[in-house]
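Atom set for the values below is all heavy atoms of this structure, side chains included, hydrogens, waters and symmetry mates excluded.
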Amino acid sequence: MTQKYCIVIHGGAGTILRSTMTTELQLQYENGLQQAIDAGYSILAAGGSAVDAIEAAVSSLEDFPLFNAGKGSVFNHIGLHEMDAAIMDGKTLEAGAVCGIAHAKNPVQVARAVMEHSGHVMLAGLGAEEFAKAQGMKMEDDAYFYTAQRYQQWQDALKEGVVQLDHTEKDKTDKKFGTVGAVALDMNGNLAAATSTGGLTNKKFGRIGDSPVIGAGTYANNNTCAISCTGVGELFIRSVVAYDISCLVDYKGLSLKEACNIVVHDKLVKIGGEGGLIALDKDGNIEMPFNSEGMYRACKTSDGRNEVLIYK
Ligand code: ASP
């Protein structure tokens, strides 16, 4: 019997309400998710690796302007785009990450190059950009990352002097955490995880979130699970969310569902950590928990499950 293979993706979590969503916009989000999950799944179905599949899925989400990663990245305090991304191979426990990188079209691809060609795990800022160029990665000028919606969010944040989560609405109660991620299990039983984000609108001082931090926003281990997070990065770093779930599965023998419940609906909630994550274990069990109103998410499995979801 062929081993079950599957892929799960997210496009951020937060206060995503039916009442504030138009049919047209919802369709655009759903199309973006479907396109990305198909890109990753077709690689798995052809016998490709989990690492290749998540890189393809996250690259597709990075190219899609509505998600806060790659092309759709938010503006920082000085009107530039500084992106964070990470990738981890559950088979070898190798990992690569970039943080505060500008101009890379697909930061997840740079993270993979860091994993495979740098001899390091994490590269930051100008150094990361220099490495990306030296590796021949696709680079873009600032204009490529301009979107009218993000520009307006930045202007609003500047006016109010706040650092905002993606799409934070004026009344401050409508929050959407914009980040993208993917986890996959391939035919050979290998797990992998990747996350990519533009971070927070109007962020300053080189602020970095959880996404590129291995063990916080991203983690994969063939013996346990693969995780990619979205939410208030500071709280996810302090909770070491992704590795905590892996440890609960590993050391305590909990099911993926039990481990996710404890971390997302209890531990994180207790310290005010709003958001969610996607998780996949070595048997192909899928969890997509979030403690916010909604999370853009999708999954596709070799036994015929194909879901694209937004709300609870
Ligand atoms: N976790 C990301 C960060 O803190 C933000 C997000 O998920 O929207 O940078």
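Rounded to the nearest 0.5 angstrom, L44 CG and M187 CE are separated by 8.0 Å. E258 contributes atom CD, which lies 7.0 Å from atom CD1 of I262 (distance to the nearest 0.5 angstrom). In this structure, CG in L61 is found 12.0 Å from OG1 in T197, a value given to the nearest 0.5 Å. Going from atom CD1 of I16 over to atom CE of M295 covers 9.0 Å, rounded to the nearest 0.5 Å. The structure places CD of E30 at 9.0 Å from CG of L309, a figure rounded to the nearest 0.5 Å. Summarising the geometry, atom OG1 belonging to T195 is positioned 8.0 Å from atom CD1 belonging to I214; distances are rounded to the nearest 0.5 Å.
Between H81 and F75, a ring centre-to-centre spacing shorter than 6.0 Å is recorded.
Of all heavy-atom pairs between S292 and G14, the closest is OG-N, 3.2 Å. Closest approach of D84 to G209, counting heavy atoms only: OD2-N, 3.5 Å. Heavy-atom minimum distance, L123 versus S118: CD1-CB, 4.4 Å. The heavy-atom pair separating M83 from P107 by the smallest distance is SD-CG, 3.7 Å. Contact between L268 and S239 at its shortest, heavy atoms only, is CD2-OG, 3.7 Å. Heavy-atom minimum distance, I227 versus A279: CD1-CB, 3.6 Å.
More than 12 heavy atoms of other residues, nucleotides or ligands shown are found within 6.0 angstrom of CZ on F64.
Under a hydrophobic-cluster definition in which Ile, Leu, Val, Met, Phe, Trp and Tyr are linked whenever side-chain heavy atoms come within less than 4.5 Å, directly or via other members, I9 and V108 are assigned to the same cluster. In the hydrophobic cluster analysis, where Ile, Leu, Val, Met, Phe, Trp and Tyr join through side-chain heavy atoms closer than 4.5 angstrom, Y251 is grouped together with L93. V240 and V121 fall within the same hydrophobic cluster, where Ile, Leu, Val, Met, Phe, Trp and Tyr residues are linked whenever their side-chain heavy atoms come under 4.5 Å apart, directly or through other members.
At a threshold of 4.0 Å, the pair R112-D52 counts as salt-bridged, since one of the basic side-chain nitrogens sits closer than that to a carboxylate oxygen.
T224 and S246 are linked by a side-chain donor-acceptor pair at a separation below 3.5 angstrom, with hydrogens and angles left out of the test. Side-chain N/O atoms of D156 and Q152 include a donor and acceptor closer than 3.5 Å.
Contact annotation: the side chain of L248 approaches that of V263 to within less than 4.5 Å [non-hydrogen atoms, C-beta and beyond]. Contact of the M115 side chain with the V51 side chain is registered, since non-hydrogen atoms from C-beta on lie closer than 4.5 Å. The side-chain heavy atoms of L158 and Q155, taken from C-beta on, include a pair separated by under 4.5 Å.
A cation-pi contact links K71 to Y144, judged by a cut-off of 6.0 Å to the six-membered ring centre and 45° from its axis.
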Go through it in stages, so that I can follow the logic: the residues are D283 and K4, the test is salt bridge (charged side-chain N to carboxylate O under 4.0 Å, His left out), and I'd like the CA-CA distance, side-chain angles, deciding distance and then a yes or no. CA-CA 8 Å; D283 302 315; K4 175 180 176 178; over 6 Å; no
Please step through salt bridge (charged side-chain N to carboxylate O under 4.0 Å, His left out) for the pair E234 and R238, ending with a clear verdict. CA-CA 6 Å; E234 284 71 8; R238 286 164 50 199; over 6 Å; no
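Note on ring orientation: taking the six-membered ring where Trp is involved, the planes of Y151 and W154 are perpendicular (angle over 60°, cut-offs 30° and 60°). Using cut-offs of 30° and 60° for the angle between ring planes, the Y5 and Y41 rings count as tilted.
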